[in-house]
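What follows is a single structure, written as structure tokens, with notes after it.
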Amino acid sequence: MPPNLPATLLVLVPLLPLLAGLVTIVFGRRLGPRVHMPAVIGIGAATGAALLLLVAAGGTGGGTHEAPRPAETTVTLWQWATIDRAIDPQPGSPAALPGIAVGSTDSGTRPLSLAVTLRLDPLTATMLLVITSIGLLVAIYSIGYMHDDPDQPRFFALVSMFVFSMAMLVASSSFLLVYVFWEAVGACSYLLIGFWFRRPEAARAAKKAFLVNRVGDFGLAIAVFLLWLTYGTLDFHDVRATDGTILPGILGQTRLADAGGFVGGTVGTLICLCLLLAASGKSAQVPLHVWLPDAMEGPTPASALIHAATMVTAGVYLVARCAPLFVVSPGALAVVSLVGATTALVAALIGTVQTDLKRVLAYSTISQLGYMFASLGTGTLAGFTAAIFHLVTHACFKALLFLGAGSVMHAMGGVIDMRRFGGLRAVMPITAATFFVGSLALAGVPPFAGFFSKDEILAALHARGWPDAHGGVHHDHEPAAGAPAAVRTARLVPSTAAPVVPAAWRSTAPAATPQAVGPLDWLAGAGLYRGLFWMSLITAGLTAFYTFRAVFMTFTGPLRLPPEAAHAHGGHGPDDAHGTHGHGQRGHESHGHASAPNAHGHTAAAVDAAASHESPPVMTRPLVILAGASLVIGWLLFATHGLGGFLAATPSLTAPAVVATRVPPAFHLDLAIQGTLAAAIGIALAAIGHLGRRSDAPSLERFLGPLQTLFARRFFFDEIEHAVVVRPLESLAWFAALVDRVVIDGLVDAVARVPAALGDIVRRGQAGVLQRYSLAGVAGVLAVLLALAWQLWQ
Amino acid sequence: MIAALLPTGTTPLLAAAVASGTVSLWLLLPQAPGSDWLGHRRGALGLVLGVAALAALAWAGRRLGGLGDEAVFQIVSLVAIVGGAATVVTRSPVYSAIWFALALAGVAGVLLVLGAQFLGVATIVVYAGAILVMFLFVLMLAQPSGLAPYDRVSNEPLLAAIAGGVLLALLTTSIGRLSADPPACCTIPSRADAVATAPVGPAAADALAADPLARLGRELFGRHLLAVEAAGLLLLVALVGAIAVVSRGEVAEATRKGAS
Amino acid sequence: MFPALLHDALTVGAVLFVLGLVGILTRRNLIVMFLSAELMLQGISVSLVAWSRYHGDFGGQALVVFVLTVAACEAAVALVFVLQAFSRTGRLDAAAWQSLRDAEVPRRIDRELPATDAAPPVWPQLTPAGVRPRRDETAEPEREHV
Amino acid sequence: MNPTTSATFGLLAPEITLVVAALVAFLGAAFAGLRSGWLVALVGIAAALVLSGGQAVDGVAVSGPLAIDGFSTFVRWLVLLLGGLVALVQAGDVFRSAVIREPQPSAATGEEAGVFLLLLAGLSLAGVADDLVLLFAGLELVSIPTALLLALKRTDAQGQEASLKYFFLSLVASSLFLYGVVCLYGIGGSTHLGAISDRLRTTDPGTVVIGAALVPLAVGLTLAGAAFRLAAFPLHFYAPDVYQGTSPGNAALLSTLPKLAGVVVLLRLVGLAIAPPTAPAAGYAATAALDLLWPATAVLAAVSMTIGNVMALRQNNLRRLLACSSIAHAGYLLVGIAAASAAAHAPNGGTGLAGGTLAAIAGGGATLFYLATYAVATIGVFAALTYIGHRWPEWSAAVPRPPREEAASVADLEGLSGTNPVVAFTIALCLLSLAGIPPLPGFWGKLSLAAAALEVDAGGWGPRRLAFVALAVTLVVNAAIAAAYYLRIIAAMYFRSTTRGVQTDGGIGAGVGMVACLALLGFFTLRPQGLFTAARRAGAVVLRGVPATDTAGHHPGAPSSPAGSSAVAALSPVSPSPSAVP
């Protein structure tokens, strides 16, 4: 590969979708039926470039036993702005990196340049490939899905702009740029959720998503400020000034090479918590997850792209990218894990009682993202790579599931309530089969993709909960606390070639670095991770349950179609599509066209099954491709341990404290069995409740199905199961949903309401009376004067 | 012991003057009758307190030295203050304007005592001669007879009087602190240095005695020539703008009437 | 040491300034408000001249000339505004202008006031013989709301 | 003392051009039947811009009461730029009046334009003034024409009420400010700013006593005067009423040009107290002034932005909402002033460049930069509102068409993206910039303000730094709150549909102004560096307290004067073109 090629490709990956978006905006109407071409071609070419980049980013990675050398390429596009003085890190703090020339600090005029710099490393390459390839498949799928929508140009322009923003987000090499594109993807998401803005739900959901995300963005802004204050720069990479001195970037190799180069303690924990707040907002973690289920008001392909596969993983990316910052704050890491596991469990519980197919998937997304956070929170190399691994596999199968749901929705005339249709495997065989594959992957059934990645996450959690079980070495006799623990463990790695348990893993141990102890470090004990492991295991079972509940409700049982389905393909005129997509099809009321006589009854028998059919090939082919990927990708990546080794060369993951936690890749049979067992129980429960039943049967009337007599023996079992398992589970889930709706939503609303209430108070002052104003003004001035006089003369 | 409680720069006498002045102002300001228990006694009480405040203020002042200077200054400043207070508290706006003319006379006197002859005369000419007469015209035009209700009540008299009292206390305290000791940080060990470096001050003030009018003119048309030009622009813009506003208002009025 | 004249003149200026401020805060007649504002400027002039004399610098006096000019300009503008306001509302009341205010705040209305300070004169009305006495609504003392 | 010479008038060529244009407008309107007064205004502003382009930026040219330096040149440019934009909007407003036939179409455009030109001249004079007298005259030349324009542009009851309220409150505010000027004069013994600065920084006991007694009054009352012009707490009450009662063009004027005056006053005040690099030491009164100024401005900043933003949340009248937003932005501007005054007296730093002066310059520069970006965005919004003009109400064909209504409430913008995409896009972009969404200029502005606040005492974690971190956090929180109501407008434009027609009778001038603001916003988004550098230089000049000398030297690159050149070189943005480490 020529030396300049990676840089060129790196620029091309975001540039091509940007151009595609601009072309679509400018020429949108003139392209007519080929309006999708720029987006598909642009994102397609970007996908090719991303594939090549994956090869280029390989660097020295791949070796499993020697510590990988960091691989990183940066390319600076232009200087955005230069500020003539940056804050220098406080002398004496770890951020100041003693012994390394930090620019011309003596004159106090070290310039801070805000450059637009892109970077290439394994993490970025992986993310870029996921973004562009899922984007490509979604764009192709949308050709079929959106083919009747009059606003196609806007849709494809937004998708292209989103791919551009997301690519820039993962490729930019500065916290400031990350912040800029963090907002940009939020804006794209806002516009796509509100795509059908004539529906008030969509507009409301868009606004909610934006406002909730602002809370997270606030966290990112504070984090950026704190990073700037602490490290004096915002770049990830090292910058070499003209005079040859190196300004170490926050995640640059100079700093990474120094074991004590990162600030822990209170400030470090605060930075990490702010970053976590940002990540929680974008990745829909408790308590900022409330926007994601509502975001399903957007077009299904957009949901698949943004709210399942890519944008919501930005938080995971951010935490993984900032791994060295987190590793020195075990307390913050513990909070990450805690938030993640809690989110996973709560969202899974809520998912079990949803009747809207897309909402089931939305809660499932929240839950799976929670898994990733739980894994990140372990702070081990295995945890970080497992999270990214799960991110990749989840992007595959969740996009598949969403697109499948979209296919169902497309065929059902916009109806997505699972109680209103059933037995669709007969009419939509390809969708049913691919959806089934996706569900197996999501449920974690071997050998599908989700199984491997979930297994790695469970293993990572298990390793933190039971260090001894993983061949950990106890350091009961710790050396003097002054010695840097990270260095110590790094020295141990080659000699023993055995996994080492950093001291911080035990609850009473000091922090991993010799500096200040963070305020939350007491959290990071083995006991916490044990609890989180069990939570995750339960979540795995719940995941399988709600996934297969949805599968059984949708695709098995007697064939039933909603009346709207007849209209879905009755005609292909734009008005028709507009009617079905554009106007409140989410409602339970029979909608359809007001003018068209509703000749179809509401029962399955009355619906002409022929009216509904499988989606066109342009929609099913992406499903098949994704299904194939979901089948093999987990096995491929796991068997070769390729991804883990590849990612280990990411500079962020070569921090000594991270490298110290390297363990040889292994397949944990016991964990695999536990995970599979949980999934099997979940599937079995779902099958008992829903397999072959009418999906609209209330839970008490389940036994009215046609197979009732044949399974008479199951009567007692069903009842017992219902009383012992289903009822408690349901009430728990309802309770979780209630808490979600009332408390957390209410809390978010309350946060929004406080300023408004304050505003109402302040507005009282604007009474319109001239002399009131002057009196109030003079009183204010007097207060200032008195305060000043008191301050000076006291 | 009261003095110990007060901040540097003020004296019990001054504080009493400010306090009684505040209360007197509150009592004298136009208020609807029967609004409190004082009733018709508030006017008398206010006057008594006001006189007391003036006396205390006069007593709290510094001695100027020569008896003649002292007496003249006391009289003209008394006129200014009484006129000003009466302007504010008189119910009838016409009387208020006339009291204001008296206050202007007092101010002119103070300016004369301070050695600003030109400004003293200019004040009388500009204000009493032009502005005030104009306003009296307007008053006569707008308010042919009697007292309007809004002249007989005032807006939040208590709060405004308190605000005024606080501000006056602050101002007089500041003025009193002008003769305080310098802050601890800045006492120069040797007084000789201080005297040597002392810039303009009371001694320089005597220089004013020589031909003040010419010097003021030189100042105005020397260094401040640009500002004079700017003042000319200000007068121009006020004149043109005022006429334009009036004429446009008439046009609008005509349009409104034509429309209706 | 510190010149007594400066002290006393500054005090006079401060008193005038404060009186003017109180006036503009309390009096509702637009013209009296304006006069009070001028009173504040008088206080400022006195203080400026006092400092000018203390420092032996004519800048302060020059500034007073400009204060006078500004006062004249303000007078012209104020006259126009006051006249226009009067021609629209028929009153010189500052509190009459309340139509611009926050949408949620009610209009502020004063307490009822008798028309004059004294009790309103009520003239005896002689009723012709044989006719039932009738109350004349228009003769009722007008009670103003402001 | 520098006498006023003919050279003084030469330095004032742009202002004189403005005045001549104003006279042309006045006389033409009165005697020659000139109808397009605003055209004269635009030509005059353009000519003034051309003339000011030739002025030296570096160094200080002092003549009479003038100091033409980097700061005053920047202010002058900003005045002319913003003045030109506002004039475009005002010109559009005239066309609108022509359509709705409220006052006579061109009754007094000559007078309006002339008054406006004199306002600009006054503001520019206040920027170049090196003397309290000229500063005061310039500021009054802003206040009185503003009140007159309020009365001229809208003659109905609401317009009258707005102008009346503004005028009387400005009387109070100017008197308070003037007493502050008296105190400054009392301290300084001269109206010359340089002399006042010297006396503030002296250690002579007699003068120090006067300073110690008068500094609180001087600081507090000057701040009050500036707060009125900025529409900052506690003198912000007039803003919502006055904006609501006047035309959008006047609202654009009110929300920008007086704010510039307020910032000029405050920066001059801070600059008075800062020792120049060559001065021996900071005096008691100067440090006291700085120590008093920063907490006061910080508190006013926090309160202003919070009050403005929360008050805007439930407003439906657009101009009222934008007035509340203008209050909030006054608060943001004060953050920079607070940072500048705090950093200028760093407890550990000495004087000159070694101490906190650089951080102070960061604060001043950030304020000026933010002001420029804010003003362009807010003029853009008002230009668009002027351009929209009127909307037809909902009506059915059966009944006669009801009259048009002025587009005044948020609901009046519904569906604008469908009917007028360019207008909707401009409003949206301007509002997003005001909200501080990256990468728009408003974001850079907020970033530089927050950065300036965070640079105060960056060495350690003292109480001052904690206060400023809290201030920066308040700023960020407020930006988040503000997004809610800006978003409401954007949502109304993009997420609602309507059948109401748009009149767009605001005239072509407002349309041109709108597009100009859009172009400027786009330019500053991509290349904020130029404006940033200029603002920073201006901040450096005004806050370094460069001694006023008649020598027009001090070129940054000139090696002739070692001390001066090194100082300036250290201030000028260094860009050693960093390259990435492969």
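Lettering of chains follows the sequences in order, A, B, ..., and the numbering in each one begins at 1.
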With a 4.5 angstrom heavy-atom cut-off, could you sort out which part of [X] is near chain C: side chain, backbone, both or neither?
X	value
B:A97	both
B:L25	side chain
B:I81	both
B:L104	side chain
B:V237	neither
B:L57	side chain
B:A103	side chain

How long is the span from the CG atom in B:L158 to the OG1 atom in C:T26, to the nearest 0.5 Å? 11.5 Å

For residues C:Q84 and B:V245, report the shortest heavy-atom separation together with the two atoms involved. NE2-O, 3.3 Å

Should C:Q61 and B:F118 be marked as a side chain to side chain contact (heavy atoms under 4.5 Å, CB included) after you check the CA-CA gap, both sets of side-chain angles, and the distance that decides it? CA-CA 9 Å; C:Q61 292 205 20; B:F118 172 71; 5.8 Å; no

Between C:R27 and B:R91 (side chain of the first, backbone of the second, donor and acceptor by atom type, cut-off under 3.5 Å), is there such a pair? yes

So which of C:V77, C:T11, C:V82 has the largest heavy-atom pair count under 4.5 angstrom toward chain B? C:T11

What residue, out of C:I31, C:L68, C:L21, C:L25, has the most heavy-atom pairs lying under 4.5 Å from chain B? C:I31

Side chain from CB out, backbone as N, CA, C, O: work out which of these in C:E38 comes under 4.5 Å of a heavy atom of chain B, or both, or neither. both

Is C:V12 close to B:F73 at the side-chain level, that is, under 4.5 Å between some pair of heavy atoms? yes

Which of the residues B:P30, B:A161, B:G232 is involved in the greatest number of heavy-atom pairs with chain C at under 4.5 angstrom? B:P30

